[in-house]
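Both backbone and side-chain heavy atoms feed into the values below; hydrogens, waters and symmetry mates do not.
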Amino acid sequence: MLSPKIEEALNKQITVEAQSSQVYLAMASWAEVLGFEGVAQFMYAHSDEERMHMLKLVKFINERGGHAKISALKAPPIEFGSFKEMFQELFNHEVMVSASINDLVDICLQEKDYATHNFLQWYVSEQIEEEALARNILDKIKLIGDDKGGFYLFDNDIKSLITVPPTQTAP
């Protein structure tokens, strides 16, 4: 059984994950309109992955006797300046998500809810990977500089970073 404090914190994390999915979906659309198929595919896949993170939380809350609440989301931006700015925003967003997960873990320890703490360890590990991936992409973009040919190659190469989340069965 979840305490009201943990249920509220987990519900806030649902919103964080849903907002992440929306932001990456907007980034995918922007990249696609600009003709960067690889970046668009990467962002579409990333958006789907964030949605799966949200659904995992929804199921956990409901299975633990709580009530997962789906809230309204803020509209994401529709333009991102440059790819460097977009991927910097992605990195900053992942750092924010990591901080949010860390806050959740702290609440679980304060409340002595070790089952939820254990559940959240998957998110802690996932965020380490997400931040490293975003940092790696930023490093590559810095190497490219303003070379248009480099961006063409980058757009093709980023397809290799796409991970397809396992399909989730309907609840």
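Linking Ile, Leu, Val, Met, Phe, Trp and Tyr whenever their side-chain heavy atoms come within less than 4.5 Å puts F151 and I162 in one cluster. Residue V23 is not grouped with residue L73 when hydrophobic side chains (ILVMFWY) are merged at heavy-atom distances under 4.5 angstrom, including chains of intermediate members. No chain of hydrophobic side-chain contacts below 4.5 Å, direct or via other Ile, Leu, Val, Met, Phe, Trp or Tyr residues, connects L138 to L143. Hydrophobic clustering (ILVMFWY, side-chain heavy atoms < 4.5 Å, transitive): V33 and M86 are in distinct clusters. At a threshold of 4.5 Å between side-chain heavy atoms, the hydrophobic network of Ile, Leu, Val, Met, Phe, Trp and Tyr places V97 and W122 in one connected group.
Once rounded to the nearest 0.5 Å, the distance linking CG of L55 with CG of D48 reads 10.5 Å. Here the CD-CE distance, from Q22 to M54, works out to 9.0 Å after rounding to the nearest 0.5 Å. Within the model, atoms CG of L104 and CD of Q13 stand 5.0 Å from one another, a figure rounded to the nearest 0.5 Å. Here the CD atom belonging to Q110 is positioned 9.5 Å from the CD1 atom belonging to I6, to the nearest 0.5 angstrom.
Every pair passing salt bridge (charged side-chain N to carboxylate O under 4.0 Å, His left out) that includes a residue from residues 151-160 is listed here, sequence neighbours excluded: E37-K159. Residue pairs meeting the salt bridge (charged side-chain N to carboxylate O under 4.0 Å, His left out) criterion with at least one member in residues 62-82, sequence neighbours excluded, are E7-K69, K59-E63, R64-D113. For residues 138-151, no pair satisfies side chain to side chain donor-acceptor pair (under 3.5 Å), with sequence neighbours left out. For the side chain to side chain donor-acceptor pair (under 3.5 Å) condition, the pairs that include at least one residue of residues 88-98, sequence neighbours left out, are S20-H93, Y24-E94, H46-E94, Q88-N92, E94-Q127, S98-Q127, S98-E131.
Under the ring-ring contact (aromatic ring centres under 6.0 Å, His included) criterion, F80 pairs with W30, not counting sequence neighbours. For L161, the side-chain contact (heavy atoms from CB on, under 4.5 Å) partners at least two apart in sequence or on another chain are F42, L133, I137, I158. Scored by the side-chain contact (heavy atoms from CB on, under 4.5 Å) test, E85 finds S82 as partners (sequence neighbours excluded). With sequence neighbours excluded, the residues forming a side-chain hydrogen bond (donor to acceptor under 3.5 Å, both in side chains) with S3 are E111, listed by chain and number. In this view, F119 and F60, Y123 satisfy the ring-ring contact (aromatic ring centres under 6.0 Å, His included) rule, not counting sequence neighbours. Partners of N62 by side-chain hydrogen bond (donor to acceptor under 3.5 Å, both in side chains), not counting sequence neighbours: none found. Residues passing the side-chain hydrogen bond (donor to acceptor under 3.5 Å, both in side chains) test with S160: none are found, sequence neighbours excluded. Contacts of E32 classified as salt bridge (Lys or Arg N to Asp or Glu O under 4.0 Å), with partners at least two apart in sequence or in another chain: none.
Side chains of T116 and I107 form no contact here, defined as non-hydrogen atoms less than 4.5 Å apart. Contact annotation: the side chain of I61 approaches that of I14 to within less than 4.5 Å [non-hydrogen atoms, C-beta and beyond]. Using a 4.5 Å cut-off on side-chain heavy atoms (C-beta onward), K56 and E17 make no contact. The shortest side-chain heavy-atom distance between I144 and L153 does not fall under the 4.5 Å cut-off. When side chains are defined from C-beta on, L90 counts as touching M43, because their heavy atoms get closer than 4.5 Å.
Between F83 and F36, the distance separating the two ring centers is shorter than 6.0 angstrom.
Residue I78 places its CD1 atom among 12 or fewer non-hydrogen atoms of other residues, nucleotides or ligands, all under 6.0 Å distant.
The nearest pair of heavy atoms linking S47 to L25 is OG-CB, 3.6 Å. Contact record, V39 with A31: CG1-CB, 3.6 Å, taken as the closest heavy-atom pair. Between P76 and A26, the shortest heavy-atom distance links the atoms CG-CB, 3.7 Å.
Panel note: side chain Q121, backbone H117; a donor-acceptor pair is recorded below 3.5 Å.
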